[in-house]
Number of protein chains: 2
Amino acid sequence: MYVTIPSEVTPQKSTNPITDKTAQVCETNLKTGAYLFYEGDPVEWLYQVKSGVLRLTRLLENGRRQVIAFGYPGDIVGFPANGLHHTDCDALSGARLQPYRRATLEKGDGDPALHQALLQAALREISAMQDHFMMLGRKSAIEKVASFLCVLAERVGQNAAGETRIELPMSRADIADFLGLTTETVSRTLTQLRKSRIIEIDNIHTIVICRQTALLGLSLGDRD
Amino acid sequence: MYVTIPSEVTPQKSTNPITDKTAQVCETNLKTGAYLFYEGDPVEWLYQVKSGVLRLTRLLENGRRQVIAFGYPGDIVGFPANGLHHTDCDALSGARLQPYRRATLEKGDGDPALHQALLQAALREISAMQDHFMMLGRKSAIEKVASFLCVLAERVGQNAAGETRIELPMSRADIADFLGLTTETVSRTLTQLRKSRIIEIDNIHTIVICRQTALLGLSLGDRD
DNA sequence: GGCCTAGATTGATCCGAGTCAAATCGCGCG
DNA sequence: CGCGCGATTTGACTCGGATCAATCTAGGCC
């Protein structure tokens, strides 16, 4: 899940499942907390998330961490760079995954349609990451948090009675490391949004967006 | 040019020219300041930079700007997302470019080797952008500037008498927008590096790195 | 040469987010 | 049920980098 600027939602939803009529390999499962791969591992498979949420992280030598992305259903993770994984990847909640052979992306042998789909996914990822640059480089804490919630609402929000409910399987620290903030700042910002009645915090891992338009405005930098 | 963490230079240099024995299309030239494409344009060509430096930028609605990347010789620019360019691109200095048809990347017809090379370039770009995430999200001003100079030194530095000289065709504002800083902070940080005799500022667009090891240390977050 | 101007530098001040610390919450477990 | 511990929230304070403003510099041009 790459946080994109809400105003420019990609026209063709990345949640469309890749055609799996030719899938040679069965889905696999990954338990909560289990690792799918580590940075430096040789890439043998790419994975499309079918259910659950993955976390992709990188560590800086001095212990600082960056959450590169959250992998939500529809997303494809594990693109190789020089044949190797360049992030760690583990499951925030039990996940079902559809593996695709690395050769399908790189050689295209076997299934041209699948090759094509994987290639397009890689190209979309480049674009999504560029959106994330704006986020990390140029947005304030409240804009970052508001953007994050808006994207999640768009991707996995459950609408009911004019409100949108979203589950946050990740910790505050994960959100902080994704947005380039500290846990304290994430927590304070959520409190601030709650106090201005834009969101409700149902429980730590469930947020209800009450005033979507206001949140969207904040994510774009409108003064409160 | 994507700023990567100096300690993990990609083993196969991205400056290796893609085989152009089968290049159907001649090189094209781009004058300083001229635009190669704009955000939203349909992608017809990808371009490999042969000489000169390109600048890829995105604008946020409220005027804030992010420099996504600088395109140095060997880099490939113009990867499509849903068939469209997702950045503006202009030349910081007169550039020679080798165009490749978009179909060569996406369909692979004609030249499988070229298709393969473009695909690998796209995958390397994903990895390079993840490095940049660490930069934008987790590094201080001095670490950012030091990292930037180290990468440029590695990519295009001219070694002489134990010193490395680098040309900066971009303005301080470009560097700032690339690193997620302000021009003032970039300027102050360069002054600070100059005063601690780690670099010399020959003229505004030429920097000499005197103490490469110290600069590398700063880029990794060692306390000065 | 001398002016003009955009870009760069430097200075003073402010503020947002980080840091450090303490209190609180929530859940698993004996 | 009460305990213990990690995650979260809240508070007080600090500081790095932004902001606002004032030079300074170097080309470009007459």
Side-chain angles (χ1 to χ4, degrees), chain A residues 32-33 55 60 62-67 92-93 135-149 167-196 199-207 218 221 223-224, chain B residues 32-33 55 60 62-67 92-93 135-149 167-196 199-207 218 221 223-224:
Chain A
T32 301
R55 175 177 64 178
L60 217 59
N62 43 12
R64 282 177 290 187
R65 188 182 72 143
Q66 177 82 38
V67 172
L92 289 170
S93 62
M135 177 89 105
L136 290 172
R138 286 278 168 255
K139 290 196 174 192
S140 67
I142 190 148
E143 290 171 310
K144 288 177 177 178
V145 172
S147 299
F148 180 68
L149 294 177
E167 293 296 316
L168 299 179
M170 67 293 286
S171 69
R172 300 290 188 260
D174 288 329
I175 300 174
D177 286 342
F178 182 62
L179 298 177
L181 299 171
T182 60
T183 60
E184 292 95 326
T185 298
V186 169
S187 179
R188 267 186 260 271
T189 306
L190 287 173
T191 301
Q192 183 186 340
L193 289 171
R194 178 170 56 72
K195 286 189 177 162
S196 45
I199 66 170
E200 280 166 15
I201 302 178
D202 220 55
N203 67 62
I204 286 181
H205 293 292
T206 311
I207 283 183
L218 283 177
R223 294 289 124 245
D224 40 19
Chain B
T32 301
R55 174 177 65 177
L60 217 58
N62 42 12
R64 282 177 290 185
R65 188 183 72 143
Q66 176 82 39
V67 172
L92 288 170
S93 61
M135 176 90 105
L136 289 172
R138 287 274 169 258
K139 289 197 173 192
S140 67
I142 190 145
E143 290 171 312
K144 288 177 178 180
V145 172
S147 299
F148 181 69
L149 294 178
E167 293 296 315
L168 300 180
M170 68 291 288
S171 70
R172 300 292 188 259
D174 288 329
I175 299 173
D177 285 343
F178 182 63
L179 299 176
L181 299 170
T182 58
T183 59
E184 293 94 329
T185 298
V186 170
S187 181
R188 266 186 260 272
T189 306
L190 287 173
T191 301
Q192 184 186 338
L193 289 172
R194 178 171 56 72
K195 286 187 177 165
S196 44
I199 65 169
E200 280 166 17
I201 302 178
D202 220 56
N203 66 63
I204 286 182
H205 293 291
T206 309
I207 283 183
L218 283 177
R223 296 288 123 247
D224 35 20

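Below, read A as the first sequence line, B as the second, and so on, with proteins coming before strands; counting in each chain starts at 1. Note that the structure is a prediction, hence the values are computed from the model and not measured. Only this structure's heavy atoms are used, side chains among them; waters, hydrogens and symmetry mates stay out.
The phosphate of D:dT10 has OP1 or OP2 within less than 4.0 Å of a side-chain N or O from A:R194. Between A:T182 and C:dG18 there is a side-chain polar atom (N or O) within less than 4.0 angstrom of OP1 or OP2. B:T191 has a side-chain polar atom (N or O) that falls below the 4.0 Å cut-off from OP1 or OP2 of C:dT10.
Here the side chain of A:R55 pairs no donor or acceptor atom with the backbone of A:M170 at under 3.5 angstrom.
Side-chain proximity of A:L181 to the nucleotides D:dT8, C:dG18, D:dT10 is greatest for C:dG18. Distance from the side chain of B:R172 is smallest for C:dA8 among the nucleotides C:dG18, C:dA21, C:dA8. When the nucleotides C:dA17, C:dT19, C:dT9 are ranked by their closest atom to the side chain of A:A141, C:dA17 comes out on top.
Look at CD1 on A:I204: it is 16 Å from P on C:dT24, rounded to the nearest Å. The distance from atom CD of A:Q192 to atom C1' of D:dT9 is 14 Å, rounded to the nearest whole Å. In this structure, B:I201 places its CD1 atom 10 Å from C1' of C:dA8, rounding to the nearest Å. Whole-Å rounding puts the B:L179 CG to D:dG17 P distance at 12 Å. Nucleotide C:dG11 holds its P atom 14 Å from the CD atom of B:E184, rounded to whole Å. The interatomic distance linking B:E143 (CD) with D:dG16 (P) rounds to 12 Å, in whole Å. Going from atom CG of B:D174 over to atom C1' of C:dA6 covers 14 Å, rounded to whole Å. Rounded to an integer number of Å, the gap from A:D177 CG to D:dA7 C1' is 14 Å.
The base of C:dG11 lies close enough to the side chain of B:R188 for a donor and an acceptor atom to sit less than 3.5 Å apart.
For B:T183 against B:A173, the heavy-atom pair with the smallest separation is CG2-CA, 3.2 Å. Nearest approach of B:F178 to B:L136, heavy atoms of both residues: O-CD2, 3.6 Å.
Both A:T185 and B:H205 lie near DNA chain C, and the one whose nearest nucleotide falls closer to the 5' end is B:H205. Of the two residues near DNA chain D, A:R138 and A:S187, the one whose nearest nucleotide lies more 5' is A:S187.
Between the side chains of A:S187 and A:E184, no donor-acceptor pair of N or O atoms lies under 3.5 Å.
By the 4.0 Å N-to-carboxylate-O rule, B:D177 lies too far from B:R64 to be salt-bridged with it.
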